[in-house]
Amino acid sequence: MASQTISTAQDAGWIWDICLPTRRGVGYVYSSRHSSEEDARATLRRYIGPQHELEARKIPIRSGHRRTFWKNNCIAVGLAGGFLEPLESSAIVLVELSAKLIAEQMPANREVMDIVARRFNEVTLYRWGRIIDFLKLHYVLTQRTDTAFWRDNVDPATVPDRLNELLKLWKYHPPWFFDEFDRLEEVFPAASYQYVLYGMGFQSEVPPEATADTELLASRLREENERQTLELRSRLPTNRELLNKIHEYGLQPV
Ligand SMILES: Cc1cc2nc3c(=O)[nH]c(=O)nc-3n(C[C@H](O)[C@H](O)[C@H](O)COP(=O)(O)OP(=O)(O)OC[C@H]3O[C@@H](n4cnc5c(N)ncnc54)[C@H](O)[C@@H]3O)c2cc1C
């Protein structure tokens, strides 16, 4: 039983495959500009395999977000504020962060409400922007040129300016805190960018003077990491064993 969501790139999007104790949740997020509904259904059927006779439900996505989330005494949270696509599971964390902000900053009176609203709008807009950057990162690093969907996705005109600048900087150093990931509750910190960037084979040039020492240190860290991974794997339960335990006894304090 896979312990992670398996996302597989397709001709016009990607398929998610989430393993649950008694079934799998599978869906195809596709661009309707690049695939007909019929082709998308056929792709999904192929992925699932002919042995399962399943009908897919269609969920149309109107991608985008508001510019103003708090206006007078109304605040748009969750789907009321926007939706992009489910690749990075960022919607619920935004709901939580917004709820926290509202609870902690609830205006004491009408006089300060506009100040709180302006600050809420500013930080929420910032967060949506960062989610767009991070989503786009997955697409823009693709090596695929076989379909129009993937070719269109690397078109520089579709890459946000901030991400474009960061990608230029990251040729010379890995994503780090100074790359403006400086908010207290950043949805995707520098480490998240590192996972996607280097997972997709991106190369950052190491400065020549650092090479020998850095390589030695890096190989030691890699070895140590592998050793620890093997050790932990031999002691940890499988995903199904863990889920069965949680089902039976609830989540135990660590
Ligand atoms: C395929 C898919 C996968 C996703 N995966 C993830 C994920 O892994 N992680 C993540 O964070 N987010 C994910 N999301 C996004 C996330 O599910 C939504 O952003 C989130 O559920 C939105 O919450 P909400 O309360 O704003 O809206 P909803 O959950 O849609 O709640 C709105 C509620 O209002 C009710 N309602 C509507 N109209 C009325 C009315 N007139 N009167 C009374 N009630 C009404 C509806 O029935 C519904 O219960 C995914 C979304 C999709 C489509």
Side-chain angles (χ1 to χ4, degrees), residues 1-48 52 54-104 106 117 120-121 123-139 149 153 183 185-189 191-193 195-196 199 239 242-243 246 251:
M1 179 181 177
S3 56
Q4 75 285 346
T5 297
I6 297 167
S7 305
T8 311
Q10 304 293 331
D11 286 354
W14 59 280
I15 282 180
W16 80 78
D17 188 342
I18 303 172
C19 210
L20 301 164
T22 53
R23 66 180 177 90
R24 276 160 55 199
V26 183
Y28 181 16
V29 183
Y30 71 95
S31 156
S32 50
R33 239 186 285 158
H34 296 88
S35 168
S36 65
E37 184 180 333
E38 207 185 345
D39 283 350
R41 285 182 184 274
T43 304
L44 195 56
R45 263 196 307 274
R46 250 195 323 276
Y47 179 89
I48 293 168
H52 303 289
L54 296 173
E55 244 334 282
R57 266 183 298 165
K58 187 178 171 191
I59 308 172
I61 295 176
R62 232 180 97 202
S63 218
H65 64 78
R66 292 182 189 281
R67 271 182 212 289
T68 306
F69 304 89
W70 184 328
K71 182 140 172 101
N72 299 332
N73 63 349
C74 281
I75 312 175
V77 174
L79 284 181
F83 185 71
L84 298 171
E85 65 133 302
L87 181 61
E88 274 299 342
S89 305
S90 50
I92 292 169
V93 74
L94 261 194
V95 171
E96 286 182 6
L97 288 173
S98 297
K100 197 170 158 211
L101 248 177
I102 296 165
E104 285 174 4
M106 182 60 87
F120 181 92
N121 283 328
V123 74
T124 309
L125 200 62
Y126 171 86
R127 285 181 176 145
W128 278 99
R130 298 300 68 75
I131 293 172
I132 292 173
D133 286 348
F134 193 58
L135 281 174
K136 185 65 179 175
L137 184 73
H138 298 67
Y139 293 97
F149 174 79
N153 253 302
R183 300 272 171 147
E185 284 176 304
E186 198 68 66
V187 180
F188 296 110
S192 303
Y193 282 80
Y195 296 134
V196 176
N239 194 28
L242 179 69
L243 289 181
I246 293 173
L251 269 175

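Numbering of ligands and ligand atoms starts at 1, following listing order. One is the number of the first residue; the rest follow in order along the sequence.
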Practice item. For Gly78, take its heavy atoms, then give the atoms of ligand 1 lying under 4.0 Å from any of them. Key: 26 (O)

Revision key, fill the gap. Interatomic distance, CD1@Ile6 vs CD1@Ile15, rounded to 0.5 Å, equals 12.0 Å

Check your understanding: If you count the non-hydrogen atoms of other residues, nucleotides and ligands that lie under 6.0 Å from CZ in Phe83, is the total more than 12?
Key -> yes

**Study point:** Option whose closest heavy atom lies nearest to atom 3 (C) of ligand 1, chosen from Gly27, Pro86, Ser90
**Key:** Pro86

Practice item. May I ask you to check whether over 12 heavy atoms, not counting those of Glu38, lie within 6.0 Å of atom CD? Key: no

Study note, to complete from the structure: Restricting to heavy atoms, the pick from Thr5, Leu79, Val77 nearest atom 24 (P) of ligand 1 would be Leu79

Check your understanding: What do you think, any protein heavy atom under 4.0 angstrom from atom 40 (C) of ligand 1?
Key -> no

Exercise for review: Output yes when a protein non-hydrogen atom is found under 4.0 Å of atom 46 (C) of ligand 1, and no otherwise.
Suggested key: no

Point to revise | Aromatic ring pairing Trp70/Phe120, orientation class (parallel under 30°, perpendicular over 60°, tilted between) | key: perpendicular

Exercise for review: Pick one of side chain, backbone, both or neither for how Ala91 approaches ligand 1, counting any non-hydrogen atom pair under 4.0 Å.
Suggested key: both

Exercise for review: Kindly assign one of parallel, tilted or perpendicular to the pair Trp128 and Phe69, based on the angle between their ring planes and the thresholds 30° and 60°.
Suggested key: parallel

Exercise for review: Using atom types as modelled and distance alone, determine if a side-chain donor or acceptor of Glu88 lies under 3.5 Å from a backbone N or O of Ser90.
Suggested key: no

Practice item. Give a yes or no on whether atom 5 (N) of ligand 1 lies under 4.0 Å from any heavy atom of the protein. Key: yes

Point to revise | Any protein heavy atom < 4.0 Å from atom 29 (O) of ligand 1 | key: no

Practice item. Using a strict cut-off of less than 4.0 Å between a Lys/Arg side-chain nitrogen and an Asp/Glu carboxylate oxygen, indicate whether Arg130 and Asp133 qualify as a salt bridge. Key: yes

Practice item. Check step by step if side chain to side chain donor-acceptor pair (under 3.5 Å) holds for Asp39 and Tyr30. Key: CA-CA 10 Å; Asp39 283 350; Tyr30 71 95; over 6 Å; no

Check your understanding: Would you say ligand 1 has an N or O under 3.5 Å from any N or O of Ser89?
Key -> yes

Exercise for review: Kindly indicate whether atom 15 (C) of ligand 1 is approached by any protein heavy atom to under 4.0 angstrom.
Suggested key: yes

Review point. Within a distance of under 4.0 Å, is there any protein heavy atom near atom 26 (O) of ligand 1?
Key: yes

Check your understanding: Under 4.0 Å from atom 9 (N) of ligand 1, do we find at least one protein heavy atom?
Key -> yes

Exercise for review: Please determine if Val93 has a nitrogen or oxygen closer than 3.5 Å to a nitrogen or oxygen of ligand 1.
Suggested key: no

Check your understanding: Do Arg45 side-chain atoms and Ala56 backbone N/O form a donor-acceptor pair below 3.5 Å?
Key -> no

Revision key, fill the gap. of all protein heavy atoms, closest to atom 53 (C) of ligand 1 is Phe83 CZ, 4.0 Å

**Study point:** Which of the ligand 1 atoms, numbered from 1, are nearer than 4.0 Å to a heavy atom of Trp16
**Key:** 1 (C)

Practice item. Inspect the contact between Lys100 and Glu96 and indicate whether a charged nitrogen and a carboxylate oxygen are less than 4.0 angstrom apart. Key: no

Point to revise | Protein non-hydrogen atom below 4.0 angstrom of atom 12 (N) of ligand 1 present | key: yes

Point to revise | Contact (N/O only, under 3.5 Å) between Ile92 and ligand 1 | key: yes

Check your understanding: Is it true that a side-chain atom of Ser35 and a backbone atom of Ser31 form a donor plus acceptor pair closer than 3.5 Å?
Key -> no

